[in-house]
Amino acid sequence: MLEEVERWLADRSWSAADRPLDQLLDRKRAAGTTVSVVLPALDEEATVGAIVEVVRRELIEGLPVPLVDELVVVDSGSADRTAEVAAKAGARVVHRDEILPRLPALPGKGEVLWRSLLATDGDIVCFVDADLRDFSASFVSGIVGPLLTDPDVHFVKAMYDRPLGDTPGQGGRVTELVARPLLNLHWPQLAGFVQPLGGEYAVRRSLLERLPFPVGYGVELGLLVDALHTVGLDALAQVDVGVRLHRHQDGQALGRMAAAIYRTAQVRLSRGHLVRPELTQFERGPEGFVPRTYPVDTEERPPMAGIEEYALRRVA
């Protein structure tokens, strides 16, 4: 590991317990900083309501001054009751297609995160995946904390254990097999991130609006790499929030995720064109193995700062 990364690990890796909630509220009140929490959601009726309830109870309604000013669920076309459950639990629910309607929406998580910048106002934007179980408010307060207490920090990722079933520490298979090797080989400054692909991170809006957003699964790696090049390693940090429990993807879904992440890395290494932006996988059918070919995400949204509607809203 680079000496620079060893120093960064000592200086920019914390625990959620390092910043008590009352300290965060004091800093937030003094600076007048606002915080938006965004949950991108697709068919998450089983978990999204509980997450919203915890954030409202512990970080909004149960405090003398709310830590979270805005709680938004962006529904990307759920076929279940995700939107209804989230709204009943107390979130403001916005459909992906209602944001920036002049641009037809593309499928993918990154598309939802990008559009959420137009649907929120907070100085700090905190993204939280909507499939978490046994959710703790420290997932939000922990990663927002450094942004409220240290003006030099601009991007904070959560780190945690990811058990796979009853086996501790076996989650994050795409991280270990794809993302971590890519980062260590090509962006060794980022080798200290425990969960580089984790969906829980908080970022200053002033940085987010300057970054391009891969529309699909590559969004987490893309934002992390681009943030490194934009603000430097010392502006990035990570916070230990404990254990992350969520729904695990099957092997083929992980393969598609891995392909999108590799493509995101490739574009950042070469800014060239893919020879074949597709991935063929195999499923056993009645007559043997059947090939299924899927497109690999090749679209990226430009920095939000260059979108006319966003610029007009900021002026207003």
Can you tell me how far [atom2] of [Y] sits from [atom1] of [X], rounded to the nearest 0.5 angstrom?
X      : Y      : atom1 : atom2 : answer
Ile124 : Arg205 : CD1   : CZ    : 11.0 Å
Cys126 : Glu200 : SG    : CD    : 8.5 Å
Leu113 : Leu208 : CG    : CG    : 9.0 Å
Leu63  : Arg57  : CG    : CZ    : 11.5 Å
Ser116 : Arg96  : OG    : CZ    : 13.0 Å
Leu118 : Ile99  : CG    : CD1   : 7.5 Å

Can you tell me if [X] and [Y] form a side-chain donor-acceptor pair at under 3.5 Å?
X      : Y      : answer
Tyr310 : Glu209 : yes
Asp75  : Ser78  : yes
Thr149 : Arg19  : yes
Tyr201 : Gln238 : no

Membership question, hydrophobic clusters at under 4.5 Å side-chain separation (ILVMFWY): are [Y] and [X] in the same one?
X      : Y      : result
Val194 : Val203 : no
Leu197 : Leu269 : yes
Leu59  : Val65  : no
Val215 : Leu211 : no
Leu221 : Met159 : no

Derivation and outcome, side chain to side chain contact (heavy atoms under 4.5 Å, CB included), residues Leu224 and Phe155: CA-CA 8 Å; Leu224 189 59; Phe155 189 118; 4.0 Å; yes
Do [X] and [Y] come close enough that some side-chain heavy atom pair is under 4.5 Å?
X      : Y      : value
Ile60  : Leu67  : no
Val72  : Ser36  : no
Val94  : Arg92  : yes
Glu70  : Asp121 : yes
Val156 : Trp14  : no
Pro212 : Pro303 : yes
Val239 : Pro146 : yes
Leu117 : Phe213 : yes

Please test Val219 against Thr264 for side chain to side chain contact (heavy atoms under 4.5 Å, CB included), starting from the C-alpha separation and ending with a verdict. CA-CA 8 Å; Val219 63; Thr264 301; over 6 Å; no
Please lay out, stage by stage, how Asp226 and Arg210 fare under the test salt bridge (charged side-chain N to carboxylate O under 4.0 Å, His left out). CA-CA 10 Å; Asp226 291 341; Arg210 297 157 60 194; over 6 Å; no
Where [X] and [Y] come nearest, the two heavy atoms and their spacing:
X     : Y      : answer
Leu24 : Ser141 : CD1-O, 3.6 Å
Pro66 : Lys28  : O-NZ, 3.3 Å
Val52 : Ala91  : CG1-N, 3.5 Å
Ala16 : Gly142 : CB-CA, 3.9 Å
Asp80 : Glu44  : OD2-N, 3.5 Å
Ala87 : Val93  : N-CG2, 3.6 Å

Name the one of Asp18, Asp150, Asp234 that satisfies salt bridge (charged side-chain N to carboxylate O under 4.0 Å, His left out) with Arg12? Asp150
Between [X] and [Y], is there a donor-acceptor pair closer than 3.5 Å when you use the side chain of the first and the backbone of the second?
X      : Y      : result
Ser136 : Ser138 : yes
Trp8   : Leu233 : yes
Thr47  : Ala130 : yes
Gln195 : Tyr160 : yes
Lys157 : Gly198 : yes

Does Arg27 form a salt bridge (charged side-chain N to carboxylate O under 4.0 Å, His left out) with Asp22? I'd like the steps, not just the answer. CA-CA 9 Å; Arg27 296 294 185 90; Asp22 56 354; over 6 Å; no
With Val85 via side-chain contact (heavy atoms from CB on, under 4.5 Å) - residues at least two apart: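 Applying side-chain contact (heavy atoms from CB on, under 4.5 Å) to Val85 gives Glu45, Val48, Arg81.
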Please confirm whether the ring centroid of Phe193 lies under 6.0 Å from the ring centroid of Trp187. no
Cut-off 3.5 Å, no hydrogens considered: what does the side-chain donor-acceptor table look like for residues 104-111, sequence neighbours left out?
unit_1: Lys109; atom_1: NZ; unit_2: Asp129; atom_2: OD1; d: 2.8
unit_1: Lys109; atom_1: NZ; unit_2: Glu220; atom_2: OE2; d: 3.0
unit_1: Glu111; atom_1: OE1; unit_2: Arg301; atom_2: NE; d: 2.8
unit_1: Glu111; atom_1: OE2; unit_2: Leu106; atom_2: N; d: 3.2
unit_1: Glu111; atom_1: OE2; unit_2: Arg115; atom_2: NE; d: 2.7
unit_1: Glu111; atom_1: OE2; unit_2: Arg115; atom_2: NH2; d: 2.9
unit_1: Glu111; atom_1: OE2; unit_2: Arg301; atom_2: NE; d: 3.3
unit_1: Glu111; atom_1: OE2; unit_2: Arg301; atom_2: NH2; d: 2.9

Set of salt bridge (charged side-chain N to carboxylate O under 4.0 Å, His left out) partners for Arg180, sequence neighbours left out: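 Scan of Arg180 (salt bridge (charged side-chain N to carboxylate O under 4.0 Å, His left out), adjacent residues dropped) gives Glu176.
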Determine, step by step, whether Arg204 and Asp123 satisfy the salt bridge (charged side-chain N to carboxylate O under 4.0 Å, His left out) criterion, reporting the C-alpha distance in whole Å, the side-chain angles of both residues, the deciding distance to 0.1 Å, and the verdict. CA-CA 6 Å; Arg204 297 192 190 278; Asp123 303 310; over 6 Å; no
Salt-bridged, Lys88 to Glu53, with N to O below 4.0 Å? no
Go through the steps for Thr175 and Val178 under the test side chain to side chain contact (heavy atoms under 4.5 Å, CB included), then give the verdict. CA-CA 6 Å; Thr175 293; Val178 180; over 6 Å; no
Full working for side chain to side chain contact (heavy atoms under 4.5 Å, CB included) between Val267 and Glu300: CA-CA 10 Å; Val267 168; Glu300 296 201 8; 4.2 Å; yes
